[in-house]
Protein chains: 2
Amino acid sequence: MKNRKTALQHIENPPLRERVLDVLREAIINGDLKPGDALRETELSESLGVSRAPLREALQILSTEGLVETVPYHGTTVRVLTKTDIEELYSLRSVLETFAVRQIIARNPPDHVQVLYGCFHEMLAAAENNDLKSVNQIDRNFHTTLIELSGHSLLQTSWNVVSMRVRQVMALLNRRNSNLTQIAYNHLPIIQAIEATHEQEAVRLIEKHVAASGELIVERWQVMDGANGT
Amino acid sequence: MKNRKTALQHIENPPLRERVLDVLREAIINGDLKPGDALRETELSESLGVSRAPLREALQILSTEGLVETVPYHGTTVRVLTKTDIEELYSLRSVLETFAVRQIIARNPPDHVQVLYGCFHEMLAAAENNDLKSVNQIDRNFHTTLIELSGHSLLQTSWNVVSMRVRQVMALLNRRNSNLTQIAYNHLPIIQAIEATHEQEAVRLIEKHVAASGELIVERWQVMDGANGT
DNA sequence: CCTACGTCGATTGTCGACATTCGACAGACG
DNA sequence: CGTCTGTCGAATGTCGACAATCGACGTAGG
């Protein structure tokens with residue numbers, strides 16, 4: 001029985017709370033649950049077919065992740081995003097990704113750039129097929145990979161929170177009619193700068209990349225938010 | 001009844017889970033609960049005099065905060081800190097504080113430096129009284145104030161996690177026999193650089209300040225960890 | 001008609017009991 | 001004697017029911 005070659009897939013048995021958590025997170029991130037929506041415990045637990053206990057635990061986690069807002073004795077709602085929230089989101093994202101890039105260059109590990117090039121080529125292929133959904137997914141994957149390659153687990157934890165909120169924002173305003181191939185090629189110089197271990201250049205490019213993305217979002221947000229504010 | 005002048009204190013009525021959370025957090029941060037200690041639900045709920053439901057919710061939150069580690073069906077333990085954890089902790093802390101300082105200088109709001117000077121003078125007074133406990137508390141307060149003054153609520157959220165772990169580490173190796181007055185004066189140039197809006201200088205000083213603090217901790221950690229590792 | 005109070009309903013908070021999981025020990029088998 | 005298997009116990013996971021809380025509505029009083 002020892003050292004069996006055929007690596008059988010490990011069977012997971014996650015507690016209910018994990019399943020519930022994933023379902024709710026996806027729903028929020030995909031925009032099925034929109035900001036401001038009330039998450040009533042009784043209602044949700046019935047429609048999910050679980051009791052309130054694991055549901056509440058899932059909501060707790062979502063709350064600390066910042067995807068929902070819980071007011072004691074008053075319930076839980078999907079977090080409403082303001083313009084300030086988005087600005088903060090992208091500015092912190094820039095800080096974290098910048099740090100990741102610096103770490104990658106400092107550790108300069110072997111064949112890590114290859115993984116990034118792999119992402120790039122995938123993205124390019126998807127872009128040429130005009131496959132918006134895939135491009136978005138690979139784009140996320142690229143940035144998450146950047147964080148992972150830093151080898152900094154605490155950074156990764158912080159990133160998860162930021163990353164999920166970015167996904168939520170993106171889902172609420174899916175970038176249509178953009179030049180996908182252009183988006184893909186935007187990532188190339190970043191990879192090259194990392195490969196060449198040009199820290200300053202890489203940092204500059206990442207900051208520009210994230211800032212551009214953020215400004216695009218904030219711009220569209222203004223339109224969506226409509227006529228509130230001065 | 002309207003516009004009553006005497007500002008009566010608002011009476012809080014936090015759910016049990018909040019109380020439990022605070023108690024456990026304090027216990028971990030203060031070192032009453034040491035890394036590796038098992039947090040058995042039945043045991044804890046009885047000694048705290050609450051049922052397992054609010055206790056579990058508190059543990060969930062501590063888990064996402066990274067203070068404890070929960071393995072499904074196996075229980076919760078106080079997170080064990082490795083040397084790598086501490087290095088990561090202080091490197092991320094440096095990134096976040098640096099960002100905060102840049103934000104403060106960029107927004108350059110009125111009389112914010114005064115608050116920092118206030119912290120400094122308090123710390124100096126405590127240091128001259130050789131009051132280690134107060135110095136530590138004011139030191140924490142100084143850095144938290146720095147984050148708050150950035151006006152970046154998302155940064156504040158991320159900071160909380162880092163901050164609590166730093167407290168935990170500090171409690172496990174309380175810095176004895178240090179020159180308290182020296183510690184206090186270390187903060188002065190940072191405030192001055194912020195006041196003069198010298199961004200580069202301020203960033204440099206903060207990085208140095210945090211790095212020095214981190215190295216001191218890691219050094220002592222080596223000793224405590226004893227004879228494990230090569 | 002307006003204000004202030006009391007009541008109601010809906011929702012969250014808390015509890016104790018039961019079900020499930022998993023490691024560890026002990027015993028049977030080769 | 002070593003290995004495998006079955007059982008047991010202690011812990012977590014889940015559930016349904018009850019209690020506490022708070023806003024909103026309706027009503028009595030001025």
Side-chain angles (χ1 to χ4, degrees), chain A residues 1-4 8-25 28 33 35-65 67-80, chain B residues 1-4 8-25 28 33-80:
Chain A
M1 196 63 152
K2 296 169 183 174
N3 244 343
R4 174 183 287 273
L8 293 179
Q9 190 172 355
H10 185 58
I11 297 180
E12 303 263 341
N13 184 11
L16 261 187
R17 117 198 75 160
E18 307 272 350
R19 305 276 304 261
V20 172
L21 181 60
D22 287 342
V23 169
L24 290 181
R25 232 199 318 242
I28 294 175
L33 289 171
D37 282 2
L39 302 177
R40 272 175 283 275
E41 297 179 358
T42 314
E43 189 179 316
L44 270 181
S45 67
E46 282 181 10
S47 62
L48 289 175
V50 300
S51 91
R52 280 176 55 215
L55 172 69
R56 279 173 63 84
E57 295 185 354
L59 289 179
Q60 290 286 352
I61 297 177
L62 288 175
S63 174
T64 67
E65 285 178 354
L67 289 178
V68 304
E69 200 160 5
T70 299
V71 181
Y73 306 111
H74 265 269
T76 305
T77 56
V78 179
R79 180 115 188 271
V80 176
Chain B
M1 198 63 152
K2 297 169 183 176
N3 245 340
R4 176 182 285 273
L8 293 177
Q9 191 173 355
H10 185 60
I11 296 179
E12 302 265 340
N13 183 11
L16 260 187
R17 123 200 70 169
E18 306 274 350
R19 305 275 303 261
V20 172
L21 180 61
D22 287 343
V23 169
L24 290 181
R25 227 192 331 235
I28 294 174
L33 290 171
K34 293 189 173 50
D37 281 2
L39 302 177
R40 272 175 283 275
E41 297 179 357
T42 314
E43 189 179 317
L44 272 181
S45 67
E46 281 180 12
S47 63
L48 289 175
V50 300
S51 91
R52 280 175 55 216
L55 172 70
R56 280 173 63 84
E57 295 185 352
L59 289 179
Q60 289 285 352
I61 297 176
L62 288 175
S63 174
T64 66
E65 286 177 354
L67 288 177
V68 304
E69 200 160 4
T70 299
V71 181
Y73 306 110
H74 267 268
T76 305
T77 57
V78 179
R79 180 114 189 268
V80 175

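Since we're looking at a predicted model, the values are computed, not measured. Quick note on labels: first sequence line is chain A, next is B, and so on, each numbered from 1.
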When we call it a touch if two heavy atoms are under 4.0 Å apart, what does [X] touch: a base, just sugar-phosphate, or nothing?
X     : result
A:L39 : sugar-phosphate
B:R52 : base
B:R17 : sugar-phosphate

Quickly work out the [X] [atom1] to [N] [atom2] distance and round it to whole Å.
X     : N      : atom1 : atom2 : value
A:R19 : D:dT14 : CZ    : P     : 11 Å
A:E12 : C:dC22 : CD    : P     : 11 Å
B:L55 : C:dT14 : CG    : P     : 12 Å
A:I11 : C:dC22 : CD1   : C1'   : 15 Å
A:N13 : C:dC22 : CG    : C1'   : 11 Å
B:E18 : C:dT12 : CD    : C1'   : 13 Å
B:E57 : C:dG13 : CD    : C1'   : 8 Å
B:E69 : D:dT12 : CD    : P     : 15 Å

Check: Of the nucleotides D:dT12, D:dG13, D:dT14, which has the atom closest to the A:L16 side chain?
Finding: D:dT14
Check: Looking just at side-chain N and O atoms, do B:S51 and B:S45 make a donor-acceptor pair shorter than 3.5 Å?
Finding: no
Show the nearest heavy-atom pair for residues [X] and [Y], with the distance to one decimal.
X     : Y     : answer
B:V78 : B:K34 : CB-O, 3.4 Å
A:E41 : A:L55 : O-CD2, 3.2 Å
A:P54 : A:R17 : O-CB, 3.9 Å

Note to self: Taking B:R25 first and then B:D22, would you say they form a salt bridge - that is, a charged N and a carboxylate O separated by under 4.0 Å?
What the structure shows: yes
Check: Given that B:V71 and A:Y73 both sit by DNA chain D, which one's nearest nucleotide is further toward the 5' end?
Finding: B:V71
Next item on the list: Please tell me which of B:V50 and A:E43 maps to the more 5' nucleotide of DNA chain C, matching each residue to the nucleotide holding its nearest heavy atom.
Entry: A:E43
Checklist line | A:R56 side chain near C:dG13 phosphate (N/O to OP1/OP2, under 4.0 Å) | finding: yes
Check: Is any side-chain nitrogen or oxygen of A:H74 closer than 4.0 Å to OP1 or OP2 of D:dG23?
Finding: yes
